[in-house]
Each structure stands twice: as structure tokens, then as C-alpha cells.
A.B. asks: 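Take this structure, written in C-alpha cells, and hold onto it; I'll ask about it next.
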Amino acid sequence: MDIRKQFIQKKEELKGRFENAIALGNRLNEKYHEVLSIHQINENLQALQKNWESERFEIVVVGEFSTGKSTFINALLQREILPSKVTPTTATVNFIRHLNELSNHTGEPVAKVVFKDGKEIEIPYLELPDYVTEMSSKVNVSNQIHHVDLYVDSPYLENGVVLVDTPGLQALNPEHEKITKTQIKKSNASILLFNMEQPGKLTEIKFLRDLSDSIDRIFFVANRLDGVPADQVQEVKDQLEKALRENNYQQIEESRAVIYPLSALQALKARDQDVITKHWQDINPVTLLQESKFLLFEERLEQYLFDGEKTNDFLQVPFTAIDQFYSQLIAEFEQYQKNLENSEDLEELKRMHKLAKDEAELRKMQLKKEIIRLKNLFNDTIRANEKQFNEDFDRLVDMTKTAINGIVTIEELEDQVNDEMEIFNTGYQALFDSKIYDLSEELNRTMRKELNEFDVKVEASHQASGIHLQVEMKKAVGKSYEEILQEVTKQFEEKEQDLKGERAVLEKKIQLETELRYKREEKAMVEREFQEDIRFQEMLIQSTPQMIEKHGVIKKRRFFFDKEGFIQENNEKYDQLIAQKRELAKQKKAVAAQKLNEEKDLQLSLAGVSTAYSSHEEIREERRDMREQKNMAIMQRLNEQLNNSDQQLNLEKRKVIRQLEMLLNTTKREYREFLRELDALKLAEQKIEEHIKKQDGLLEDVVKRATQLSEQMANSQEARQNLAKEIEEIRHRIEEEKILLMTAMI
Ligand SMILES: Nc1nc2c(ncn2[C@@H]2O[C@H](COP(=O)(O)OP(=O)(O)OP(=O)(O)O)[C@@H](O)[C@H]2O)c(=O)[nH]1
Ligand SMILES: [Mg+2]
């Protein structure tokens with residue numbers, strides 16, 4: 001705060017000077033208002049003073065959401081004034097001002113909400129979260145609210161300091177982005193807050209793109225130091241600084257590409273013990289504040305705000321203004337003198353000399369800024385062109401890929417890849433040419449606005465090299481249905497043959513079995529007959545006379561008398577019959593024996609015939625199974641072939657696309673390199689250099705004029721000695737004041 005105290009002291013002192021000068025002006029006006037127009041000069045100085053006193057020191061804090069912007073501001077205020085949460089919180093732009101800016105207040109913080117439709121309402125501090133955060137259930141904060149002015153009683157905000165809290169960059173809606181950027185352009189200092197725990201992302205640097213004019217007033221702070229292990233802090237800091245130096249969006253002077261690592265939360269906790277944090281409950285606040293490294297940056301900021309270049313300019317304003325005021329007074333009096341004495345226009349010369357000197361200084365400053373701005377503008381144009389090229393190129397590539405992916409057969413692929421490449425190459429050449437033409441147009445359009453004589457023609461000095469894909473495809477040897485049928489048939493041939501053999505065997509077996517059956521029947525029949533005969537014989541042999549008679553083998557004779565009796569006599573026929581029967585029986589026995597032999601033979605041959613099948617049905621079933629298998633085999637082969645060709649097509653497509661992608665990467669690079677080496681661009685840069693030189697020339701002219709004037713002034717010294725006494729005295733007095741002013745200034 002020492003720096004700020006010194007500043008306040010200086011400001012008070014300068015205020016006194018203003019008042020003295022105005023008092024002098026008023027006195028002179030009273031005395032000379034009839035002959036001189038001092039009144040107007042006086043009023044001008046008063047207006048200037050008022051303006052000067054109401055100067056604000058605005059500090060804007062920006063960054064991605066949750067980087068700790070609100071916490072950082074709270075740490076500066078030493079109190080948890082703004083809501084802060086783990087989730088995206090701040091949804092509107094908040095100006096935090098000193099309560100004293102309100103003409104009547106009760107000492108309690110007050111917030112004024114300004115809606116986009118112009119409506120304004122005053123709300124109690126406790127309702128603040130409902131108007132500034134994403135979580136509000138009352139209003140759609142980011143859509144309805146333009147900004148919020150929050151008035152609090154904080155020493156940090158004294159002397160015109162205003163803090164501006166903004167929503168996370170990602171969440172910025174166009175209107176808030178506009179306010180934020182305007183504010184940055186107007187502000188004395190801006191702070192771009194990074195998250196030290198995520199040093200890789202750095203999307204926020206993009207935001208600097210159109211802030212060329214303010215880049216010198218932006219500080220880069222990396223928050224959440226507490227989350228980075230001590231031995232990695234330097235590394236992360238280096239990494240962030242390198243990213244700043246080498247960023248593609250905005251040229252940053254090397255001495256300004258500095259990162260301040262700190263922990264806003266530790267600082268806040270150290271300064272406001274009511275804040276609840278997960279850690280650090282027992283750490284001594286002094287130690288915690290030291291650990292947070294917050295003071296380091298805070299002091300740097302204080303120094304910048306209250307002892308920096310801009311502040312020095314600010315503190316210079318009264319000197320210059322009063323000096324000018326005195327000069328104007330003197331001029332008035334000298335004019336008066338001149339009128340009186342008709343003397344040389346010395347003061348006019350002096351004034352012109354001073355003007356010329358001032359102009360030279362101003363031009364020098366402007367020139368420095370302009371160089372950076374022009375270069376940025378120039379680079380932006382080229383980058384935009386490259387971006388556009390890349391986008392269009394990607395579209396072209398996508399179209400080609402889609403075409404290749406849409407191909408359905410390998411023959412078509414082979415045929416069409418080169419065709420597609422030809423279409424692609426033509427498109428690419430056209431794109432190349434048209435982008436180069438655009439670049440020429442765009443450069444001339446943007447740069448000519450700045451430099452009248454800017455006129456370059458960008459020409460492609462070479463043809464786009466085009467892309468040639470060598471597509472070689474191994475065709476899968478596809479087989480026809482007949483070939484497959486033949487192969488599969490062959491595969492099943494042996495089995496089929498086997499089955500045929502089995503069938504023949506089975507037939508033989510069945511035949512033998514039938515024969516055997518017949519044989520058995522014949523044998524049985526013969527045996528039955530034989531048995532019959534045997535029985536008959538036995539029957540005959542054992543038969544009773546009645547039986548014998550019955551069968552007529554015995555003759556019946558009636559004896560004499562009436563007595564009935566029988567005479568047995570041998571019946572020839574009977575004997576013959578017996579003999580015949582015996583013979584027959586013998587034969588039959590022989591036949592039966594033969595049949596038995598035949599049966600045995602048959603049985604023997606049957607035993608030699610062996611097959612796994614017991615019926616035709618079984619064989620048929622087996623054959624049906626085999627056919628099914630065969631059909632399945634054919635189907636499988638056909639399917640395999642189909643899959644193979646599908647797979648091959650996809651494989652080839654992938655190969656082609658991979659090849660294409662490899663080539664395309666080179667192609668994009670080609671355009672980039674082409675841009676870098678473009679003669680016309682060098683020419684354009686040369687134009688900028690020329691422009692700068694010309695400006696330098698103008699500057700020299702101005703300096704020369706100033707020198708000449710000062711010589712003329714010296715020549716007019718003599719005339720000056722004839723000035724009237726009274727005027728001389730007054731002038732003297734004013735001069736004295738001026739001298740005092742000058743000494744104070746040093
Ligand atoms: N560990 C740690 N946490 C911090 C630090 N600074 C802020 N936080 C925490 O990070 C979260 C987000 O902090 P905020 O201050 O709301 O961040 P913000 O940038 O304002 O967020 P938005 O308003 O949403 O864009 C809160 O939980 C804070 O407590 C810090 O230095 N260290
Ligand atoms: Mg916030």
C-alpha cells in the first residue's frame with residue numbers, strides 16, 4: 001500500500017496545484033477581463049481538473065470459467081464479496097466500486113442491476129447470487145442482465161479503483177464479450193487468469209486475438225499454485241511463458257510475457273478467516289499469505305497502477321495542463337504586449353516550437369504501436385486464409401473419402417480410385433488457386449485500409465503438386481458354383497463309393513438270408529415227410545389186425561360156418577408197400593442230409609458277408625445325411641468366398657484411405673509452406689516496412705521544423721527585450737509559478 005499512499009499524496013498535492021493555478025487565473029481575470037479573454041482559459045483548466053479527479057483505475061479480470069476470477073477479486077478485497085463455486089458461477093459482468101460513489105448509502109453493500117432492456121433495479125447485497133450467478137432461479141442472468149454495479153466499502157477500492165469480474169470466457173455471450181473487451185480496452189490493467197493445474201489447454205490466449213491495442217496492459221496470472229507440487233512450479237511457469245511468447249494470436253513483447261503464479265484461495269483464506277476451505281484451517285495466516293505468493297503480484301499490480309508508466313502519465317497531466325495554462329496566460333499577455341508594441345511574434349514561435357516537439361514525441365509513440373498493429377493485422381489475414389483453406393480442403397477430402405467408402409466392389413474400387421483422385425486433384429488445384437486469389441484480395445482489402453499505397457499480387461508460382469495414389473489390388477480368386485460343386489463332390493466321392501459298396505454287400509446278404517430261409521423250409525419239409533413215412537411204417541408194423549385190414553394190407557377171409565374169423569395171409573402188396581416206403585424214407589433222409597449241408601454252406605457264406613447296415617432304409621438315411629453335408633459344405637464355401645471378397649474390399653478401401661490421408665497431410669503442409677515462402681508476402685512486408693520508413697521520414701520533418709523554430713526563436717530574442725514593464729512583471733510571476741511547477745515535476 002506504500003506505493004498507493006505515495007500516489008495519493010502526489011494526487012493531493014497536484015490537486016493543490018490545480019487550485020492555485022485556477023485561483024491565479026481568477027485573480028488575473030478579475031483585473032484584466034476587459035482587455036484579455038482569460039475567462040475561457042480558466043474554465044478549460046477547471047473542466048480538465050474535474051475530469052482528472054474522476055479518473056478511474058479499472059482492473060478487469062478474465063479467464064476460463066472456474067479459474068478463480070471471483071476468488072482472486074475477493075482476495076484483493078480481503079473479503080468474500082463475490083460468490084464463487086466449483087461449478088461455472090459468474091454469469092454477468094460485475095463492476096465492483098466503492099460505496100462512496102453512491103451519494104446516499106447506509107454503509108451496507110448495495111448492488112444495482114442493469115437489464116439489457118434498460119431497466120435498472122437496486123437489490124440488497126444478500127440477493128446478489130440471484131442476479132450474478134448461473135444458479136439463479138429468479139432470472140436468466142446471462143440473457144437478461146447487461147451488467148451489475150456492486151458498491152462495497154473496501155479500502156482497496158478507494159481512490160477510484162474499480163474491479164471488474166467477468167463470466168468464464170467459454171460462457172461469454174456476445175454482449176458480455178463486447179462489454180468485457182471494451183472494458184479491457186478502456187481499463188488501466190487487465191488480468192488474464194490461467195489455471196496452473198491445467199497448463200496445457202490455454203484456450204484463453206485466443207481471446208487476445210483482437211486486443212492488440214491493450215496487450216501492453218494485460219497481466220498474466222496463473223492461479224491455483226497450491227495445486228502444483230513445489231518441484232514442478234518453475235517448469236509449469238516456463239511452459240506457460242513459452243506458450244505466451246510463441247502464441248499464434250497476438251504478438252507479446254518478450255518482457256511482458258511473464259507469468260505470476262499464485263493461489264488466490266490461500267490469499268483469501270489468510271485475509272478472511274471466515275472463509276471455509278478444505279485445508280489450511282490451522283496454518284498461521286501470515287505463513288499462508290506468504291505461501292500464496294499473492295503479495296508478489298499484488299505489489300506488482302499496485303506498482304503498475306500507481307507507479308507505472310500510465311500513472312506517471314496521469315500524474316503528468318496536471319503539470320502539462322497547468323504548464324499549458326500558464327503558457328496560454330503568458331501568450332495572452334504577450335499578445336497584449338505585441339499589440340502594444342507590435343513586436344516580433346516570439347511567443348507564437350515558441351508555441352509552434354513546443355507543438356512541433358510534442359508532435360514529434362506523439363508520432364514516435366504512435367509509430368511503435370502501429371508497427372505491432374499492422375504486423376498483427378497482416379498475420380491475421382494470412383492465418384485466416386490458411387484456416388479457410390484448411391476447412392475447404394477438409395471438405396474436399398471428406399467428399400473423396402465418402403466417394404471411396406461408397407464403392408461396393410473391388411473392381412469398382414480399382415477403377416474409381418484413380419478417377420476420384422483426378423477429381424480431387426482438379427478440386428485441389430482449383431482450391432489452391434482460388435485461396436491464393438482470395439489471399440491477394442483480402443490482403444489488399446484489409447491492408448489498403450491502413451496503407452493507401454498497399455497493392456500486392458499474390459500469385460501461385462507453382463502448380464499444386466497433386467496427389468497420385470498407386471492402388472494395387474490383389475484380387476481374391478473367386479470360384480464358380482460349378483467348380484465348388486465339383487470340389488465338394490470330389491470330397492464326398494469316397495464316402496459315396498463306400499456307401500455304394502456297402503449297399504451291394506447288403507443286397508448280397510439279404511439274398512443269402514432269403515436263400516437260407518428257403519433252404520430251411522425245404523429241409524423242414526423233407527424232414528417232416530420223412531418223419532411221416534417213418535411213423536406210417538411204424539404204425540403199420542405195430543398195427544392191430546383191424547388196422548392192417550383197414551389199410552388193406554391184410555386180406556380178410558371168411559371161414560366156413562357162420563363163425564366169423566380171419567385168416568391172416570401175407571399180403572404181397574403190403575410187403576411191397578413197406579419196402580417202397582423204406583426205400584423212400586432212405587432217400588428222404590439223404591435229401592434231408594443234403595439240405596442240411598446246403599444250409600450249413602449258406603450259413604457259412606452268410607457269416608462271410610459283413611456290413612454295418614441292416615437295411616436299405618439305413619443306407620438311404622446315411623445318403624440323405626451325406627447330401628445334406630455336401631450342400632452345407634457348398635453353402636459354406638460360397639459364403640466364405642463372399643466374406644473374403646467383402647473383407648478384401650474393406651481392407652483395400654482402408655489402405656487407399658490411409659494412403660490418401662498420409663498424402664493429404666503433406667498437402668496441407670504444402671500450402672502452409674507455400675504461404676510462408678510466398679514472394680508476394682515478403683513484398684507485402686516490405687510495403688509495411690516502407691510505410692514505416694515513410695512515417696519515420698515524416699517524423700524527421702517534424703523534428704527538423706521544431707529545430708528551425710527554436711533557431712527563429714533565438715533570433716527573436718532581441719525583440720523580446722522591448723516588452724512592456726507591467727506585462728513583464730505579470731509574465732514574470734507566471735513564469736515563476738511555472739518554474740516552481742517544473743521543479744516539482746522533476
Ligand atoms: N485450490 C484452489 N482453489 C481455488 C483457487 N482459486 C479458486 N479456487 C476454487 O475454484 C472454484 C472456482 O472459483 P471461482 O472464483 O468461482 O472461479 P471463477 O473463475 O470466478 O469461475 P466462474 O465465475 O464460474 O467463471 C471455487 O471452488 C474456488 O474455491 C486457488 O487458488 N486454489
Ligand atoms: Mg466467477
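Just so it is clear, the values below take in all heavy atoms, side chains as well, and ignore hydrogens, waters and symmetry mates. We count ligands from 1, going down the list as the structure has it; atoms in each ligand are counted the same way.
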A.B. asks: May I ask you to identify the nearest protein heavy atom to atom 8 (N) of ligand 1, giving residue, atom name and distance to one decimal place in Å?
C.D. replies: Arg224 NH2, 3.8 Å
A.B. asks: Does ligand 1 have an atom that lies less than 4.0 angstrom from a heavy atom of Ala264?
C.D. replies: yes
A.B. asks: Report the member of Val275, Leu169, Leu262, Asp226 with the shortest heavy-atom distance to atom 32 (N) of ligand 1.
C.D. replies: Asp226
A.B. asks: When you check the side-chain N and O atoms of Asp2 and Gln6, is any donor under 3.5 Å from an acceptor?
C.D. replies: no
A.B. asks: Parallel, tilted or perpendicular: which fits the ring planes of Phe57 and Phe314, with parallel below 30° and perpendicular above 60°?
C.D. replies: perpendicular
A.B. asks: Among protein heavy atoms, which lies nearest atom 5 (C) of ligand 1, and at what distance?
C.D. replies: Leu265 CB, 3.5 Å
A.B. asks: Do Glu53 and Gln49 have side-chain atoms, one donor and one acceptor, less than 3.5 Å apart?
C.D. replies: yes
A.B. asks: List for me each residue that meets side-chain contact (heavy atoms from CB on, under 4.5 Å) alongside Ala267, sequence neighbours excluded, and say none if there are none.
C.D. replies: Ala75, Leu289, Ser292, Phe294
A.B. asks: Just checking: Ser70, one of its N/O/S atoms, less than 2.8 Å away from the Mg ion (ligand 2), yes or no?
C.D. replies: yes
A.B. asks: Main chain of Lys269, side chain of Gln273: is a donor-acceptor contact present, judged purely on distance under 3.5 Å?
C.D. replies: yes
A.B. asks: Closer than 2.8 Å to the Mg ion (ligand 2), do we get an N, O or S atom from Thr166, backbone or side chain?
C.D. replies: no
A.B. asks: Centre-to-centre under 6.0 Å for Phe393 and Tyr428, is that the case here?
C.D. replies: yes
A.B. asks: Report the nearest protein non-hydrogen atom to atom 24 (O) of ligand 1: residue, atom name, distance rounded to 0.1 Å.
C.D. replies: Thr89 N, 2.5 Å
A.B. asks: Could you point out which residue of Ile59, Ile3, Asn159 forms a side chain to side chain contact (heavy atoms under 4.5 Å, CB included) with Leu305?
C.D. replies: Ile59
A.B. asks: Where the closest heavy atom to atom 11 (C) of ligand 1 is concerned, which of Lys69, Glu64, Lys85 has it?
C.D. replies: Lys85
A.B. asks: Hey, is Ser66 one of the residues with a heavy atom under 4.0 angstrom from ligand 1?
C.D. replies: yes
A.B. asks: Do the numbers put Arg56 on top of the ring of Phe95, so that NZ or CZ is under 6.0 Å from the six-membered ring centre and no more than 45° off the axis?
C.D. replies: no
A.B. asks: Taking atom 28 (C) of ligand 1 as the point of reference, which of Thr71, Val132, Thr67, Thr166 owns the nearest heavy atom?
C.D. replies: Thr71
A.B. asks: Decide whether Ser190 and Ser187 meet the rule of one side-chain donor and one side-chain acceptor closer than 3.5 Å.
C.D. replies: yes
A.B. asks: Between Thr133, Thr90, Asn195, which one has a non-hydrogen atom sitting closest to atom 23 (O) of ligand 1?
C.D. replies: Thr90
A.B. asks: Got the closest protein heavy atom to atom 6 (N) of ligand 1, with its distance?
C.D. replies: Asn223 ND2, 3.0 Å
A.B. asks: May I ask you to list the atoms of ligand 1 that are less than 4.0 angstrom from any heavy atom of Gly168?
C.D. replies: 25 (O)
